[in-house]
2 protein chains.
Amino acid sequence: MNVKTLCLGALSLGEHTGYDIKKLFESTFSHFYNASFGSIYPALKDLEKAGLVRCRVEPGQGHPDRKLFSITPKGHEALVEELRHEPPAEHCRSGFLALMFFAHLLPTDRLRQVLDEVEARYGEELAYLESIRHCPENPAGANFTIEHGIAVYRAALAQIRDQRDALLAHHRDIPEAFGEVLT
Amino acid sequence: MNVKTLCLGALSLGEHTGYDIKKLFESTFSHFYNASFGSIYPALKDLEKAGLVRCRVEPGQGHPDRKLFSITPKGHEALVEELRHEPPAEHCRSGFLALMFFAHLLPTDRLRQVLDEVEARYGEELAYLESIRHCPENPAGANFTIEHGIAVYRAALAQIRDQRDALLAHHRDIPEAFGEVLT
DNA sequence: TCGAACATGTAAAAGGTTACATGATTAC
DNA sequence: GTAATCATGTAACCTTTTACATGTTCGA
């Protein structure tokens, strides 16, 4: 799965600008995919060159012309074909868990700060997903991803809240200097 | 967080070869980070050049010499410093949820196959994490990441098992051809 | 008046994967 | 005899991020 396919997928939902698609990545897609302008705009350009999307220009008022992209029949076919063969692979890299793995190397304050930050972030993501769930106009698959996100964030938050106090209580600050102990 | 920092972290646990570190990524780290040989070996080389790790060569029996890397005091300092400043960012891209979002574009058989595949994979990951939990020699942080993984996989599996039948029951195969409906 | 939202785009760099090259040993 | 495990490494490629460039409108 890549940005190009997801842009095509976004356009299968209706006509959108690159800016709109960025907002989609930041909202509905945010718990399972991210993309920056630097990958979205070139993706749209490639898709247009390949004839999978077409573009209609709307004069801009005080900002660049809006380029409204829509999917073509060929694009729809290509999307269906890709979804049929794309393996459900996951590339999850959690800086949070990587940091936690080495908790014994962190100062206590820093450990607390990391836990606070992640708890707050997951809380926000969860609140957002809860605010958009049970939406009748969503296709069934979209609701599945929302429920999945809610289930996962709830479990993650519960685990963090459950373990944080014990973790902090047993935590010892590392000594300031190590000298040549490990030489 | 990147492969270089995690290699340094791996070596903070003891002397290891690049091959060992790869196995660590595939086991203990697998639910929050992945890395291939193509990134591990160059990372180790860079770390050695920077004086953060050193290398001891053990003659190989029927295979290339084993290069045993260990962290230097300077490397330990650099690791602690990086962990202190690295933000707990996450880059999770789930091909599974991306596919599910567009479930209405998938043939029913394919949808079932995706669900089966992911359920099996999560089940294996969960079983693995459950097999290594409560290990006394693990640092507290490592156990935190294991418990976190267990909580998240359990929730994910429960959600999939809870929704899959309803999802499949209401699913309609897409028509074979679209023609010019969207033109 | 200051920042956020709207809107597009490029170029360089970072980071990593995939595929390749090599080859012995061990377990089934 | 065939596949997996052990063991290292490179090079080309791919994808994506980051930083930059530009400029208006609207709300606090």
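Proteins get letters first, then strands, A, B, ... in listed order; numbering begins at 1 in each.
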The side chain of A:Thr17 lies closest to which of these nucleotides: D:dT8, C:dG16, C:dA7? C:dA7
Starting the side chain at C-beta, find the nucleotide from D:dT10, D:dT15, C:dG16 nearest to B:Pro42. D:dT10
How do A:His63 and A:Gly38 order along DNA chain D: which one's closest nucleotide is nearer the 5' end? A:Gly38
Could A:Glu26 and A:Lys22 be called an ion pair, given the rule that one side-chain N must be under 4.0 Å from one carboxylate O? yes
Whole-Å gap separating P (C:dT17) and CD (B:Glu26): 12 Å
Think B:Arg93 has a side-chain N or O under 4.0 angstrom from the OP1 or OP2 of D:dT15? no
To the nearest angstrom, the CG-P distance between A:Asp46 and C:dG9 comes to 12 Å
Roughly how many Å is it from CG in A:Leu44 to P in C:dA7, rounded to a whole number? 14 Å
Which whole-number value in Å describes the distance from A:Phe37 CZ to D:dC20 P? 17 Å
Taking the ring centre of each residue, are B:His148 and A:Phe96 less than 6.0 Å apart? yes
From C-beta outward on B:Pro64, which listed nucleotide comes closest to its side chain: D:dT17, C:dT17, D:dT8? D:dT8
Using the ring centroid of each side chain, check whether B:Phe29 and A:Phe101 are separated by less than 6.0 Å. yes
Both B:Lys23 and A:Met1 contact DNA chain D. Taking the nearest nucleotide for each, which residue is further toward the 5' end? B:Lys23
How close or far is atom P of C:dG16 from atom CZ of B:Phe25, stated in whole angstroms? 9 Å
State whether A:Arg93 and B:Glu90 are salt-bridged, where the test is any N-O pair (Lys NZ or Arg NE/NH1/NH2 against Asp/Glu carboxylate O) under 4.0 Å. no
Any ion pair linking A:Glu15 and A:Arg56 (charged N to carboxylate O, less than 4.0 Å)? yes
Measure CG/A:Asp20 against P/C:dC6 and give the value in whole Å, please. 9 Å
Which nucleotide in D:dT18, D:dT16, C:dG16 has an atom nearest any side-chain atom of B:Tyr33: C:dG16
Side chain of B:Lys67, heavy atoms from C-beta onward: which of D:dT17, D:dC6, D:dG9 has the nearest atom to it? D:dG9
When you check the phosphate oxygens OP1 and OP2 of D:dT16, does a side-chain N or O of A:Ser39 lie under 4.0 Å from one of them? no
What's the closest nucleotide to the side chain of A:Lys45 if the choices are C:dG16, C:dG9, D:dA7? C:dG9
Of the listed C:dA5, D:dT18, D:dT16, the closest approach to the A:Tyr19 side chain comes from C:dA5
Considering only heavy side-chain atoms of B:Tyr41, the closest of C:dA5, D:dT10, D:dT17 is D:dT10
Atom CG of B:Leu47 to atom C1' of C:dG15: distance rounded to whole Å? 15 Å
